[in-house]
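Let me begin by presenting the structure, written as C-alpha cells, before commenting on it.
From a predicted model like this one, the values you see are computed outputs, not experimental measurements.
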Amino acid sequence: MENQTTVTEFILLGLSSDQQMQIFLFLVFLVIYLVTLLGNILIMVVIRADSHLHTPMYFFLFHLSFTDICYSSVTVPKMLMNFLAERKTISVNGCLSQMFFIILSGSAELFILSAMAYDRYAAICDPLHYMEIMRKGICVHLVSGAWTIGFFYALLNTIFALRLHFCGPNQIRHFNCELPRLLQLSCTETLTNQVVLLTSAVIFGSSSFLFTLISYIHVIATILRIPSVEGRRKTFSTCSSHLIVVGLLYVTGFFQYTKPSSVSSVLLDEMVSVQYSILTPMLNPIIYSLKNKEVKTAVGKILGKFWFSK
C-alpha cells in the first residue's frame, strides 16, 4: 500500500465518449433539468398561493417537490458541466459529498412518499377523524422524520466510505458518484461496506415499502367495499397519481441498490440511475398535475393571473 499512489480525483466517464453525442445529451438533460425545476417550483408556488390546497395531502406534495429539486440538483448540474468539459473530473471529497446527498435526498423522498401513503389511508379509511389524525404537528413530524432518517442512512454509509483507500484506476463508468461504483474502485477491503450498504438499504427501504404497502392494502380493501363503480373510481383517483410515483421510484431505486453483481452492467446501471434520479423528479409534478383536478385548476388560475397581468 505504501508504494501505491493515492487517487485525489475521479474521472466521470458519463453516458457517452462521442463529442457530438455529448452535445446532444447536454441539450436533452438541460431541458429535463429545466422542466424539473419549473414543474416542481410551479407545484410549490401553486400550493402556497391557493388556500384550497392548504391540506395535509398538498403539504406532503409541496415537500415532495422540494425533495425532487434537491435530488435532481445533486447530480444533473455536474453532469451538464462534464458534457462540455474536456477534463470530466471530481475530487474524492467532492465525490463522497455527492454520494452523501444522493442517498440523503433519495431516502428522504422514499419516506415522504410513505407519509403520503399514510395520509391517503387516513383520508379514505377513517375520513371522520382525518383532520385530527393528520393535524399539522403530525405532518411536520412525518416530514422531519423523513429527512432525519435519510440523514442517518446517508451518514452511516458515508462514514464507512471514508475509510476506503483509492489508488487507481480512477475512472468511474457512470455520470455520478453512487456508492456501488466507488466500492468497485477501492484498493482496500469493501466487504464491510457492502454489508452495511445492503443491510441499511434493506432495513430502511423495506420499512418504507412495508409502511406504504400496508397503508395501501387498507386503502384498496376500503375502496373495494364501496358499492358503486363511480364511487370506487372517484376514491381511487385520489391516490392513483401517488401509486404511479411510488412505483417509478421504488422499483428502479431498490433494484439498483440490492441487485447482485451478476446482473450488473454499465448500460443497465446508467439507465436505472437516469430513471430514478433524473426522470422521476421531472415526471412527479407532471403526473400530479395531469391526474389531480384540484392541482390542474389551481395551476390554471395561477397561469391565468400571470398571463393577464402582462
Side-chain angles (χ1 to χ4, degrees), residues 1-30 32-33 69-107 150-151 153-197 200-201 253 256-257 261 264-278 281:
M1 187 69 71
E2 291 177 359
N3 295 327
Q4 293 174 328
T5 304
T6 300
V7 169
T8 58
E9 63 182 18
F10 294 115
I11 299 173
L12 293 169
L13 297 180
L15 299 174
S16 174
S17 58
D18 182 79
Q19 188 171 4
Q20 290 186 336
M21 179 59 71
Q22 287 183 21
I23 295 173
F24 172 74
L25 290 173
F26 170 82
L27 295 174
V28 170
F29 284 100
L30 176 63
I32 290 174
Y33 185 55
I69 292 173
C70 296
Y71 199 9
S72 184
S73 297
V74 171
T75 56
V76 178
K78 181 63 178 176
M79 178 201 285
L80 293 175
M81 289 172 58
N82 285 341
F83 281 136
L84 303 179
E86 291 186 12
R87 297 187 71 251
K88 309 174 191 302
T89 59
I90 184 171
S91 67
V92 171
N93 289 335
C95 205
L96 291 171
S97 298
Q98 188 186 69
M99 180 204 75
F100 172 85
F101 286 107
I102 288 173
I103 299 174
L104 169 61
S105 52
S107 52
F151 174 80
Y153 176 33
L155 183 64
L156 175 66
N157 282 282
T158 304
I159 288 174
F160 280 91
L162 289 172
R163 57 179 286 276
L164 298 175
H165 183 78
F166 303 99
C167 53
N170 68 335
Q171 293 183 337
I172 299 177
R173 298 182 63 82
H174 207 37
F175 59 85
N176 62 28
C177 294
E178 291 187 331
L179 182 53
R181 290 291 180 180
L182 293 181
L183 296 181
Q184 294 174 4
L185 298 179
S186 174
C187 301
T188 50
E189 175 272 329
T190 62
L191 178 60
T192 303
N193 297 79
Q194 292 173 8
V195 170
V196 170
L197 175 61
S200 58
Q256 177 75 339
Y257 278 86
S261 58
S264 179
S265 71
V266 174
L267 180 60
L268 179 63
D269 288 350
E270 288 177 343
M271 289 175 61
V272 172
S273 293
V274 166
Q275 169 60 46
Y276 71 76
S277 65
I278 298 176

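Annotation: the span from Asn82 atom CG to Leu12 atom CG amounts to 5.5 Å, rounded to 0.5 Å. Between atom CG of residue Leu84 and atom CD1 of residue Ile23 there is a gap of 7.5 Å, rounded to the nearest 0.5 Å. For the atom pair CG of Leu15 and CD of Gln22, the computed distance is 9.0 Å after rounding to the nearest 0.5 Å. Distance CG/Leu179 to CD/Gln98: 12.5 Å, rounded to 0.5 Å. Remark: Ile278 CD1 to Thr75 OG1 distance equals 5.0 Å, nearest 0.5 Å. Rounding to the nearest 0.5 Å places CD of Gln171 at 12.0 Å from OG1 of Thr89.
At least one donor-acceptor pair closer than 3.5 Å links the side chain of Glu189 to the backbone N or O of Leu191. Side chain of Ser73 to main chain of Cys70: no donor-acceptor pair is present (N/O by atom type, distance under 3.5 Å, no hydrogens or angles). Side-chain atoms of Ser72 do not come within 3.5 Å of backbone N or O of Ile69 as any donor-acceptor pair.
For the residue pair Asn193 and Ala161, the shortest heavy atom distance occurs at ND2-N, 3.5 Å. Across Leu197 and Pro180, no two heavy atoms sit closer than the pair CD2-CG, 4.2 Å. Scanning all heavy atoms of the two residues, the minimum distance from Glu9 to Val92 falls at N-CG2, 3.8 Å. Taking every heavy atom of both residues into account, Ala154 and Leu104 meet most closely at CB-N, 3.7 Å. Residues Gly106 and Tyr71 come closest through the heavy atom pair CA-CZ, 3.8 Å.
Contact of the Phe166 side chain with the Ser186 side chain is registered, since non-hydrogen atoms from C-beta on lie closer than 4.5 Å. In this structure, the side chains of Ile102 and Glu178 come closer than 4.5 Å at one or more pairs of heavy atoms. The closest side-chain heavy-atom distance from Leu96 to Cys177 is not below 4.5 Å. In this structure, the side chains of Lys88 and Leu13 stay at 4.5 Å or more apart for every pair of heavy atoms. At a threshold of 4.5 Å between non-hydrogen side-chain atoms, the residues Leu164 and Leu183 count as touching. Two residues are said to be in side-chain contact when any heavy atoms from C-beta on lie closer than 4.5 Å; Val196 and Asn157 meet this criterion. Side-chain contact between Thr190 and Leu182 is absent, with no heavy atoms from C-beta onward closer than 4.5 Å.
For Phe160, the CZ atom counts as loosely surrounded, since its 6.0 Å shell holds 12 or fewer non-hydrogen atoms of other residues, nucleotides or ligands.
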Inset, instruction - Apply side chain to side chain donor-acceptor pair (under 3.5 Å) to Asn176 and Ser277, showing your working. - result: CA-CA 10 Å; Asn176 62 28; Ser277 65; 4.5 Å; no
Inset, instruction - With side chain to side chain contact (heavy atoms under 4.5 Å, CB included) as the test, would you mind laying out the steps for Tyr153 and Ile103 before giving the verdict? - result: CA-CA 7 Å; Tyr153 176 33; Ile103 299 174; 3.6 Å; yes
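Classification of the Phe29-Phe83 ring pair by plane angle, with boundaries at 30° and 60°, yields parallel.
The side-chain contact (heavy atoms from CB on, under 4.5 Å) test applied to Ser16 returns Asp18, Met21, Leu25, not counting sequence neighbours.
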